[in-house]
Amino acid sequence: MVKPYTSSMTCKKRWRMALNAISFVLHVSNKAFKFQTPRLLRSFSYLAIDVEQDHEHTPREKPFDVDPDLLSHMVRDKTLESLTQFGGVKELASLLETDVKGGVSDSKDDLDHRRRDTTIIILLACALLSLGFGIKQHGWKEGWYDGGSIILAVILVIVVSSVSNFNQSRQFQKLSAKSENIGVEVVRGGRRRSVSIFDVVVGDIAYLKIGDQVPADGVLLEGYSLKVDESSMTGESDHVHVNADTNPFLLSGTKISDGFAYMLVTSVGVNTAWGEMMGSIAREVNEETPLQVRLNKLTSAIGKVGLLVAALVLVVSMIRYFTGSTRDDFGNREFVGRKTKFDDVMNAVVGIVAAAVTIVVVAIPEGLPLAVTLTLAYSMKKMMRDNAMVRRISACETMGSATTICTDKTGTLTMNEMQVTEVWVGKEEIAEGAYLAPSLVQLLKEGIGLNTAGSVYQTQQTSPPEISGSPTEKALLSWAVVDLGMDIDLVKQHCEIIHVETFNSEKKRSGILMREKRGSNRIVTHWKGAAEMILAMCSSYYGRSGEIMIFNGEERVQIENIVKGMATNSLRCIAFAQKSSNGQVCEKLEETELTLLGILGLKDPCRPGVEAAVESCRNAGVKIKMITGDNVHTAKAIASECGILDPSEELDEDAVVEGFQFRNYSHEERMDKIDRIRVMARSSPFDKLLMVQCLKQKGNVVAVTGDGTNDAPALKEADIGLSMGIEGTEVAKESSDIVILDDNFSSVVTVIRWGRCVYKNIQKFIQFQLTVNVAALVINFVAAVSSGKVPLTAVQLLWVNLIMDTLGALALATEEPTDDLMKMPPVGRVEPLITRVMWRNLISQALYQVMVLLVLEFRGRSIFDVTEKVKNTIIFNSFVLCQVFNEFNARELEKKNIFKGLGKNRLFIVIVSLTVVLQLVMVEFLKKFANTERLTWEQWGVCVSIGALSWPIGVLVKCIPVVRKK
């Protein structure tokens with residue numbers, strides 16, 4: 001705790017204070033470099049700093065005299081030796097200045113002390129040159145237009161990109177804010193109070209009960225029957241028993257499944273096991289998606305062409321000028337050797353360089369990054385309405401390239417809601433409502449109602465009971481309440497639990513020893529667990545009428561086959577057995593000579609619509625691979641039910657493999673079999689990660705779905721990680737690119753549809769954009785080389801590139817997904833961004849525009865009998881209107897009917913209309929800014945006719961067949 005500064009601080013103590021501060025800064029710096037992600041700061045991010053100052057007590061060299069790393073490793077590694085070195089839990093509390101009964105001080109000072117813990121560059125260069133040259137030529141009043149407008153375009157690109165990224169980040173924060181801000185009960189100042197999970201500090205005593213999430217790393221102070229679900233950290237579904245003797249450690253992010261406890265908080269923030277895991281999955285911010293790679297290559301190639309053309313124009317124009325080949329408006333030679341004034345030479349050179357810079361401005365598709373950002377941002381908002389929240393905006397387009405989806409089973413393909421669907425007593429299947437002997441029913445009620453970590457709470461007699469616990473426990477309790485008429489409170493009143501053996505992942509069973517309070521005071525051992533484990537402990541079984549029969553070899557085999565058949569039907573088999581005695585109570589539960597009560601088959605049903613979703617993916621050429629920890633029989637059954645496996649066709653021998661087989665393959669074997677594998681059973685997180693890596697090495701664009709912490713490595717490694725928004729853990733969400741908000745696998749198909757729509761829309765815009773750039777580049781190049789002047793000024797080109805292309809991008813981005821998109825194969829990782837179909841459309845339209853505009857450039861004055869400025873205005877207006885009409889052509893890359901569905905896209909119509917209006921204003925009213933002259937009605941008619949000819953040309957060009965690359 002930091003105390004007020006006093007003037008009596010000695011020099012030595014001041015040096016110690018400084019050294020402690022420096023040590024803390026280095027410690028935090030190491031943490032920052034290690035985790036490399038600002039997102040981590042949202043998850044329990046607290047550090048402690050203790051800057052030593054003068055006070056009466058013995059100075060502490062470190063916060064609380066305890067190394068935070070030592071505390072962190074002690075809990076994370078569950079090291080009892082380290083806890084013993086501290087002198088035990090109570091001594092550790094003393095070191096952390098915590099009262100084991102009253103908690104930490106609730107003073108603000110104490111709590112504060114515990115808490116302290118290339119293209120744009122080129123464009124900008126061109127803009128600055130253009131700005132300088134413009135001011136040199138025309139002065140400040142007139143010369144700022146060209147360069148200033150280009151700088152404005154760059155600023156607009158940056159602002160729009162930043163706003164879009166900020167908005168999608170804010171959307172995610174809004175979604176996760178409520179689930180993250182969990183209330184925690186802590187003891188402070190001797191009183192129990194509820195605080196935010198973000199306000200928990202080292203030394204706090206937290207009160208934990210069933211269903212609570214452990215808010216930080218810590219050790220058990222006191223508790224009873226405490227069991228913790230560590231699946232969010234370890235991926236294991238088994239519940240861990242926590243006690244003061246052998247395992248007093250509690251990990252942040254885990255959940256209390258049974259009992260209650262008081263916990264001493266030892267680590268928070270990045271020092272916890274949770275924080276360590278969040279840091280280990282920090283994503284590389286510079287990772288590029290397939291489309292980004294292609295766009296970078298495209299932009300680089302276009303930039304090189306533009307620079308080459310600009311260099312040629314510069315060289316040729318300089319030669320023409322200094323050889324006296326250029327003439328002014330009066331027909332006189334511009335350069336006559338030493339007779340030419342220095343200012344005239346400088347102005348001419350600036351003009352030539354400005355023309356070259358203008359060509360570079362034309363060549364570099366500065367509208368492309370803006371258009372892509374707008375397209376992705378618009379699509380992201382639309383996907384949000386379809387229950388898909390995009391955390392990384394580039395994942396919108398990447399999903400359209402997906403060739404393979406590796407999906408988890410539980411909680412993704414299935415609902416993670418267990419239901420009892422089969423009941424067997426002995427060798428008979430018991431139908432719903434069938435007769436069972438009352439004595440057998442009573443034993444089943446005891447075995448289910450007492451040997452459980454779940455609970456049943458009856459709010460009202462008329463309303464259904466509230467059942468809590470794991471999905472398995474809830475299913476068993478629900479069956480007992482509904483089918484057996486169990487009153488769990490009544491069962492507990494008549495029975496006394498003597499001893500409990502909690503579920504063990506190795507033995508796969510749990511048991512209780514109980515005494516009946518009424519009547520005979522009989523002692524009964526109840527066991528439940530995996531059917532094969534319980535069956536091995538039994539020597540007899542109950543019949544439905546309550547009779548007990550001894551197992552013989554044939555009957556045991558029959559029941560074992562029943563269990564196998566249930567597993568083949570994708571059921572989880574839970575068996576119940578008991579043994580009664582009237583003798584002395586034993587401390588250990590009986591494990592032999594038990595009598596089998598019955599076997600229940602639990603099914604985790606597939607999500608509605610999963611089979612149709614899988615079929616849709618198959619039609620779209622996307623392969624589905626299911627990866628699960630279940631056994632082979634259950635995995636095959638679920639895969640067949642979901643449509644991943646077709647029961648009617650003969651399976652390839654490599655279609656279903658187990659995790660240990662896959663990981664033991666050689667690299668060559670894995671690469672050979674990977675495409676044929678459809679289901680991987682008994683898999684570990686490493687197996688899933690290994691499969692993703694192999695698929696990527698074979699050129700696949702891989703999407704991975706998952707909801708558990710154990711899915712995080714594969715989610716991060718994949719090209720697209722899809723986590724579940726409801727059941728998904730925070731680690732899974734942090735590792736993913738897209739969050740499926742309704743946890744429905746069917747929404748994955750929606751994401752694919754939108755992803756393909758985004759990719760197709762970007763292709764449409766690229767075709768539209770490059771047509772503009774190619775035509776403008778050729779026109780300005782030819783005109784500059786031939787006459788030394790360019791017909792389209794930088795401001796006019798900026799108008800085309802920024803206004804036209806920005807509005808054009810929005811218009812094309814509003815195209816909704818169609819069913820045709822799901823009938824096409826995925827583009828994959830190696831498909832060219834500009835296809836042959838796009839080249840056909842692009843070249844034909846650009847060639848037409850170049851031919852018409854060059855005719856206007858060299859013969860326009862004589863054809864229309866107008867001045868040079870009016871001729872240039874006609875060229876500019878015709879060029880813009882060509883893009884307006886070509887925007888309709890870009891709606892369909894291959895189909896001839898470019899107006900199909902146009903009425904549904906009102907925004908497209910509005911944008912095109914707005915573009916025409918703005919062009920009218922530009923020509924008729926902004927003459928000085930745009931360097932234009934007003935046109936007559938006849939001249940406008942000619943411009944519109946030139947633009948409209950692009951429609952029939954587009955139809956004729958689409959009749960030319962294109963051979964697709966295989």
Side-chain angles (χ1 to χ4, degrees), residues 418-452 472-473 475-486 507-512 524-581 589-605 630-634 636-638 640-641:
M418 292 290 182
Q419 298 175 358
V420 176
T421 58
E422 286 189 26
V423 179
W424 290 78
V425 174
K427 296 180 289 185
E428 295 183 72
E429 183 175 3
I430 306 301
E432 185 176 354
Y435 172 79
L436 287 177
S439 59
L440 178 58
V441 170
Q442 180 61 31
L443 289 171
L444 285 170
K445 287 180 180 179
E446 292 173 359
I448 296 175
L450 299 178
N451 187 12
T452 181
T472 301
E473 296 284 3
L476 296 174
L477 290 170
S478 177
W479 177 79
V481 170
V482 175
D483 286 40
L484 301 182
M486 180 185 72
K507 296 182 179 180
K508 295 185 178 179
R509 68 190 186 197
S510 64
I512 62 163
V524 183
T525 297
H526 279 285
W527 285 101
K528 79 170 180 185
E532 61 270 22
M533 299 296 179
I534 300 298
L535 191 58
M537 301 164 63
C538 297
S539 60
S540 58
Y541 64 94
Y542 273 95
R544 64 187 303 169
S545 300
E547 70 277 12
I548 299 178
M549 289 166 281
I550 305 300
F551 270 127
N552 59 39
E554 183 180 349
E555 290 175 331
R556 185 177 293 275
V557 170
Q558 289 178 350
I559 294 181
E560 287 175 350
N561 289 333
I562 289 172
V563 172
K564 291 179 181 178
M566 296 170 71
T568 303
N569 291 328
S570 69
L571 300 182
R572 176 178 293 177
C573 301
I574 305 295
F576 294 85
Q578 66 89 32
K579 185 175 183 179
S580 301
S581 67
L589 279 69
E590 296 282 351
E591 298 186 8
T592 59
E593 303 295 324
L594 301 176
T595 302
L596 181 68
L597 295 175
I599 302 172
L600 273 60
L602 283 68
K603 186 175 182 62
D604 187 5
D630 286 333
N631 62 53
V632 172
H633 298 296
T634 304
K636 281 184 179 179
I638 290 291
S640 299
E641 189 176 344

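Keep in mind it's a predicted model, so treat the numbers as computed, not measured.
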For the student: nearest non-hydrogen atoms of [X] and [Y], plus distance:
{"X": "G543", "Y": "V425", "value": "C-CG1, 3.7 Å"}
{"X": "M486", "Y": "G449", "value": "SD-CA, 3.8 Å"}
{"X": "K528", "Y": "I534", "value": "C-CD1, 3.7 Å"}
{"X": "G447", "Y": "H526", "value": "CA-ND1, 3.6 Å"}

> How far apart are the C-alpha atoms of I559 and I599, what are their side-chain angles, what is the distance that settles it, and do they pass the side chain to side chain contact (heavy atoms under 4.5 Å, CB included) test?
Replying inline: CA-CA 10 Å; I559 294 181; I599 302 172; 3.9 Å; yes
> With sequence neighbours excluded, what pairs up with E591 under the salt bridge (Lys or Arg N to Asp or Glu O under 4.0 Å) test?
Replying inline: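 R509.
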>> For the CG atom of N451 and the CD atom of E473, what is their distance to the nearest 0.5 Å?
In response: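 With rounding to 0.5 Å, CG (N451) is 7.5 Å from CD (E473).
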> Rounded to the nearest 0.5 Å, how far apart are NZ of K636 and OG1 of T568?
Replying inline: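 If we round to the nearest 0.5 Å, K636:NZ and T568:OG1 are 9.0 Å apart.
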>> Could you walk me through whether Q578 and Y542 satisfy the side chain to side chain contact (heavy atoms under 4.5 Å, CB included) test, starting with their C-alpha distance in whole Å, then the side-chain angles of each, then the deciding distance to 0.1 Å, before giving a yes or no?
In response: CA-CA 10 Å; Q578 66 89 32; Y542 273 95; 3.4 Å; yes
>> Does L443 form a side chain to side chain contact (heavy atoms under 4.5 Å, CB included) with E446? I'd like the steps, not just the answer.
In response: CA-CA 5 Å; L443 289 171; E446 292 173 359; 3.9 Å; yes
>> Going by side chain to side chain contact (heavy atoms under 4.5 Å, CB included), Q558 matches just one of E560, E554, R556. Which one?
In response: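 With Q558 as partner, side chain to side chain contact (heavy atoms under 4.5 Å, CB included) holds for just one option, E554.
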> Is there any ring pair (Phe, Tyr, Trp, His ring centres under 6.0 Å) pair reaching into residues 421-451, and which pairs are they, with sequence neighbours excluded?
Replying inline: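 For residues 421-451: none.
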>> Just to verify, what does E641 make a side chain to side chain donor-acceptor pair (under 3.5 Å) with, not counting sequence neighbours?
In response: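 With sequence neighbours excluded, E641 shows a side chain to side chain donor-acceptor pair (under 3.5 Å) to K603, given in chain and number order.
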> Do K427 and E555 meet the salt-bridge criterion of a basic N to acidic O distance under 4.0 Å?
Replying inline: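 Looking at K427 together with E555, the answer is yes, because their closest N to O distance falls below 4.0 Å.
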